[in-house]
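Single-structure report; data block below.
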There are 2 protein chains.
Amino acid sequence: MSKCEQCIVKQFNSLKSLTKDELVRISGCKTTKTIKKGEVIFEEGDVVNGVFCVKDGICKLSKLSANGKDQIVKLVVKGDLLGQRSLVTEEVTNLSAVALNDMEVCFIPKSEIVSDLQKNSKFSFDVLKDMANDLRQADDIIVNMAQKSVRQRLAETLVYLYDSFGTNPDKTLSVILSREDYANIVGTAVESAIRVLSQFKKQGLISTSGKKIKIEDLEGLKRVE
Amino acid sequence: MSKCEQCIVKQFNSLKSLTKDELVRISGCKTTKTIKKGEVIFEEGDVVNGVFCVKDGICKLSKLSANGKDQIVKLVVKGDLLGQRSLVTEEVTNLSAVALNDMEVCFIPKSEIVSDLQKNSKFSFDVLKDMANDLRQADDIIVNMAQKSVRQRLAETLVYLYDSFGTNPDKTLSVILSREDYANIVGTAVESAIRVLSQFKKQGLISTSGKKIKIEDLEGLKRVE
DNA sequence: TAAAATTCATGATAAAAGTCATATATTGTA
DNA sequence: TACAATATATGACTTTTATCATGAATTTTA
């Protein structure tokens, strides 16, 4: 099994602040898992007894609303720590995590890592920074949800996906989402998401082929009102 | 000047986890401020070089959206720490804080308290918990914004204000907000907020007299669809 | 206290988004 | 491959929410 000490993925998250010794110990108790596209990592109400270090792939964090729709609140990607909140709270999780493509993750049990949070202040400060950052992003999303149109939110989502995850060789977005996923990120009905994407196509802002979406006019998308 | 060691307000926030010695030191460098209703504590883009311990009063944390409307993302109340994020990030703040009634706060400079965050793991763990909690709440707000109607959001806001801040002797909500504040919490136009409040009045769910709002049927409000 | 300014309230109308129906395309699978 | 299941697409219509206009009530300020 690969060793945390040598894993480059940790450079992207708080685990980089653990000492060599701590990493060796963590490495000894972690479990590596392969998760298939569509598979549930954890569900709302589950006790998540540890944290997942995402070595590859992308998953969505979502919450079921009263009307039965899933709202995606964050995409968790390669390099991210998934389930950080479970380390500091005793509550069950308020979110579900579902893989958007095939993933490879390492699961580190809470019992092993929580002591490091107590002892290694550099580590806990890093986790704190991470969470502060998540919080800022969440605030931004709240404002967007409240004040922007579906068109704007969807345009911004496309730009975000383009900027954050880049494109395949054929210039299509490398993250492949269903129209329902788009609707659930933007917070709208599936039909509305589809309709807006169709508009974008007609305006030459994007082109699509099945689930593949190609950004044709990035600046145009940024200017959507 | 009053001393942090003896201040009961800290029981409600992470400062309770500081040691006696740390509190004495903090007490020596803190500044107590009185802030008038409507006064700005800090604004989006400001460098907030410390944290405010709210001894009395309530303020709103809001963010200006592109269309010029303020979106309120959180109410900060007696006992809360305001500006915790500034302790862990170097960035300017993304939110504005404005007093909703007369406030008394203590300002603790970042330089003095950040070392405690490094040394006192109980304290940093507490801040971490606090932020995890804020994050969970923010996720809930995102889902509400995305999936619920203005009616529902406004009803929930009233219930939240009632549950969290209670009522005056005359049974009116003790937090007094303008219709614009309600609109900015719910994320809607002022006229829409007013209209929905009028509906609630007609339905006997609330009664109003100026800015004072009295909950007449709490269960009814909770049932609003 | 009176005038000015702001906030609250409501109607009329427009725009945005949701819902339902249905058709087509795509994907998964026996 | 053919069939079933699922996802995408679009039209017709309804509901929700925003915008603009205007007047009344309340609050602020001189």
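By convention in this document, chain letters (A, B, ...) are assigned in the order of the sequence lines, proteins followed by strands, and residues within each chain are numbered from 1.
Defined by atom type and a distance below 3.5 Å, a donor-acceptor pair is missing between the side-chain atoms of B:Lys129 and B:Ser14. Neither side chain, A:Ser209 nor A:Lys214, offers a donor N or O lying under 3.5 Å from an acceptor on the other. A:Lys201 and A:Ser207 are not linked by any side-chain donor-acceptor pair at a separation below 3.5 angstrom, with hydrogens and angles left out of the test. Between the side chains of A:Gln71 and B:Gln147, at least one donor N or O sits under 3.5 Å from an acceptor N or O. A:Asn94 and A:Arg85 are linked by a side-chain donor-acceptor pair at a separation below 3.5 angstrom, with hydrogens and angles left out of the test.
Bending across the helix from C:dT1-D:dA30 to C:dA30-D:dT1, expressed as the angle between its end axes from five pairs apiece, amounts to 50° (10° rounding).
Seen from the ring of A:Phe107, A:Lys30 does not count as a face-on cation partner, given the 6.0 Å and 45° thresholds.
Using a 4.0 Å cut-off between charged side-chain N and carboxylate O, B:Lys36 and B:Glu39 make no salt bridge. Taking a cutoff of 4.0 Å between a charged side-chain nitrogen and a carboxylate oxygen, B:Glu156 and B:Arg151 do not qualify as a salt bridge.
Residues from residues 148-162 of chain B placing a heavy atom under 4.0 Å of any atom in DNA chain D, listed by number, are B:Ser149, B:Val150. Residues of residues 172-182 of chain A that place a heavy atom closer than 4.0 Å to DNA chain C do not occur.
For C:dG18, its base never sits under 3.5 Å from the side chain of A:Arg195 at any donor and acceptor pair.
Spacing between atom CZ of A:Phe200 and atom C1' of D:dA9 amounts to 16 Å, rounded to whole angstrom units. Between A:Ile213 atom CD1 and D:dA7 atom P the separation is 15 Å, expressed in whole Å. Rounded to a whole Å, the CD1 atom of A:Ile194 is 13 Å from the P atom of C:dT26.
You'll find that the side chain of B:Thr188 is closest to D:dT17, out of D:dT17, C:dT10, D:dA9. Of the candidate nucleotides D:dT17, D:dT8, C:dT7, D:dT8 has the atom nearest to the side chain of A:Lys211. Minimum atom distance to the side chain of A:Lys201 is reached by D:dA9, of the listed D:dA9, C:dA9, C:dG18.
Between A:Phe165 and A:Tyr160, the ring-plane angle classifies as perpendicular under the 30° and 60° cut-offs.
When all heavy atoms are compared, the tightest approach of B:Leu158 to B:Leu221 is CB-CD1, 4.0 Å. Shown here for A:Pro109 and A:Cys29, the closest heavy-atom pair between the two residues is CD-O, 3.7 Å.
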